[in-house]
Amino acid sequence: QVHLVESGGDLVQPGGSLRLSCLVSGFRLQDYAIGWFRQPPGKERDAVSCISWSGDRISYPESVKGRFSISRDNAKNTVYLEMNNLNPEDTAVYYCAKSRGRLCDRPRTRKTQFDFWGQGTQVTVSS
């Protein structure tokens with residue numbers, strides 16, 4: 001049975017950093033791309049970043065490029081999202097999701113490309 005469990009969300013001050021983790025089970029992590037999405041209060045869930053089976057990475061919104069970094073540790077069945085220089089606009093529930101395939105869509109992706117989701121972890125950026 002496929003499971004994804006996010007952790008690492010917290011309340012952080014503007015300019016701070018967080019590392020989110022996505023622990024997966026029930027499938028071979030090395031065979032699939034994994035994405036991170038976020039859903040701010042009252043808004044749509046949008047893609048943040050994706051990492052392919054081979055480690056190719058892409059960040060989707062311009063606002064996170066250079067600040068967020070996705071990585072994976074197949075031996076630990078875990079995908080990470082390192083977030084730096086956080087600002088209040090980054091406040092959201094963050095979700096990780098398993099792709100249906102090995103590669104990340106470019107230049108954008110769709111939620112329907114992902115078939116299993118975690119329950120989300122809350123990130124709040126506030127002073």
Side-chain angles (χ1 to χ4, degrees):
Q1 196 167 4
V2 174
H3 287 290
L4 299 95
V5 180
E6 303 94 336
S7 61
D10 205 347
L11 170 63
V12 62
Q13 291 188 344
S17 298
L18 281 175
R19 187 176 79 160
L20 306 183
S21 299
C22 174
L23 177 64
V24 310
S25 60
F27 65 98
R28 281 168 49 92
L29 176 60
Q30 54 263 49
D31 290 341
Y32 294 92
I34 300 292
W36 280 98
F37 290 72
R38 67 184 180 184
Q39 187 166 15
K43 296 185 178 180
E44 294 285 320
R45 187 178 304 185
D46 290 325
V48 174
S49 191
C50 179
I51 186 165
S52 75
W53 72 284
S54 61
D56 290 336
R57 309 166 192 185
I58 182 171
S59 292
Y60 291 106
E62 287 293 326
S63 62
V64 307
K65 291 180 181 179
R67 299 190 298 122
F68 289 14
S69 177
I70 190 171
S71 62
R72 63 194 297 157
D73 186 336
N74 292 334
K76 294 184 178 180
N77 289 322
T78 302
V79 176
Y80 303 99
L81 184 68
E82 186 78 34
M83 306 186 295
N84 298 307
N85 194 21
L86 286 161
N87 60 64
E89 288 70 38
D90 297 315
T91 294
V93 178
Y94 284 72
Y95 300 88
C96 62
K98 171 189 164 293
S99 176
R100 298 178 189 274
R102 292 190 169 197
L103 303 177
C104 298
D105 292 336
R106 294 174 181 267
R108 61 187 62 84
T109 191
R110 300 158 295 167
K111 292 189 288 290
T112 54
Q113 178 61 26
F114 298 82
D115 53 4
F116 290 92
W117 296 77
Q119 83 291 344
T121 187
Q122 176 70 48
V123 172
T124 302
V125 184
S126 175
S127 54

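Each residue takes its place number in the sequence, starting with 1.
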- prompt: Hey, what else clusters with Y60 if you join Ile, Leu, Val, Met, Phe, Trp, Tyr whenever side-chain heavy atoms sit under 4.5 Å?
  reply: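 I58, which link up through side-chain heavy atoms under 4.5 Å apart, make up the rest of the cluster.
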
For [Y], is there any backbone N or O sitting under 3.5 Å from a side-chain donor or acceptor partner on [X]?
X    : Y    : answer
Q119 : V5   : no
D10  : V12  : no
Q13  : S127 : no

message: Please determine whether residues L23 and M83 belong to a single hydrophobic cluster, defined as Ile, Leu, Val, Met, Phe, Trp and Tyr linked transitively by side-chain heavy-atom distances below 4.5 Å.
response: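 They do not share one cluster, since no chain of ILVMFWY contacts under 4.5 Å joins L23 to M83.
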
message: Hydrophobic clusters here meaning ILVMFWY residues chained together by side-chain heavy-atom distances under 4.5 Å, can you tell me if Y80 and Y94 are in one?
response: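 No, Y80 does not connect to Y94 through the hydrophobic network.
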
task: Would you please name every residue forming a ring-ring contact (aromatic ring centres under 6.0 Å, His included) with Y32, sequence neighbours left out?
output: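 With sequence neighbours excluded, Y32 shows a ring-ring contact (aromatic ring centres under 6.0 Å, His included) to F27, given in chain and number order.
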
Under the ring-ring contact (aromatic ring centres under 6.0 Å, His included) test, residues paired with Y95 that sit two or more places apart: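 None.
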
If I take atom [atom1] from residue [X] and atom [atom2] from residue [Y], how far apart are they, to the nearest 0.5 angstrom?
X    : Y    : atom1 : atom2 : answer
R28  : N74  : CZ    : CG    : 9.0 Å
L81  : C22  : CG    : SG    : 10.0 Å
T121 : L18  : OG1   : CG    : 8.5 Å
L20  : T78  : CG    : OG1   : 12.5 Å
Q30  : R102 : CD    : CZ    : 9.5 Å
L103 : I51  : CG    : CD1   : 12.5 Å

[X] side chain near [Y] side chain, heavy-atom distance below 4.5 Å:
X   : Y    : result
K98 : I34  : yes
R38 : V123 : no
N84 : S17  : yes
L11 : S126 : yes

message: Considering only residues two or more places apart or on different chains, which pairs with a residue in residues 46-58 satisfy side chain to side chain donor-acceptor pair (under 3.5 Å)?
response: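 Only S52-S54 qualify under side chain to side chain donor-acceptor pair (under 3.5 Å).
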
field: Pairs flagged by salt bridge (Lys or Arg N to Asp or Glu O under 4.0 Å) wherever residues 70-84 is involved - sequence neighbours left out
entry: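 Passing the test, one end in residues 70-84: no pairs.
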
field: Result of checking C96, C50, S59 against W36 for side-chain contact (heavy atoms from CB on, under 4.5 Å)
entry: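 Single side-chain contact (heavy atoms from CB on, under 4.5 Å) partner of W36 among C96, C50, S59: C96.
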
- request: Enumerate the residue pairs fulfilling ring pair (Phe, Tyr, Trp, His ring centres under 6.0 Å) with a member in residues 107-127, sequence neighbours excluded, ordered by first and then second residue.
  value: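 Qualifying pairs, neighbours excluded: F37-F114, F37-W117.
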
message: To check you understand the geometry: which heavy-atom pair defines the closest contact between T91 and V125, and what is its length?
response: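 Closest approach of T91 to V125: OG1-N, 2.9 Å.
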
task: Would you name the heavy atoms of R45 and K111 that are closest together and state the gap between them?
output: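 For R45 and K111, the tightest heavy-atom pair comes out as O-NZ, 3.2 Å.
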
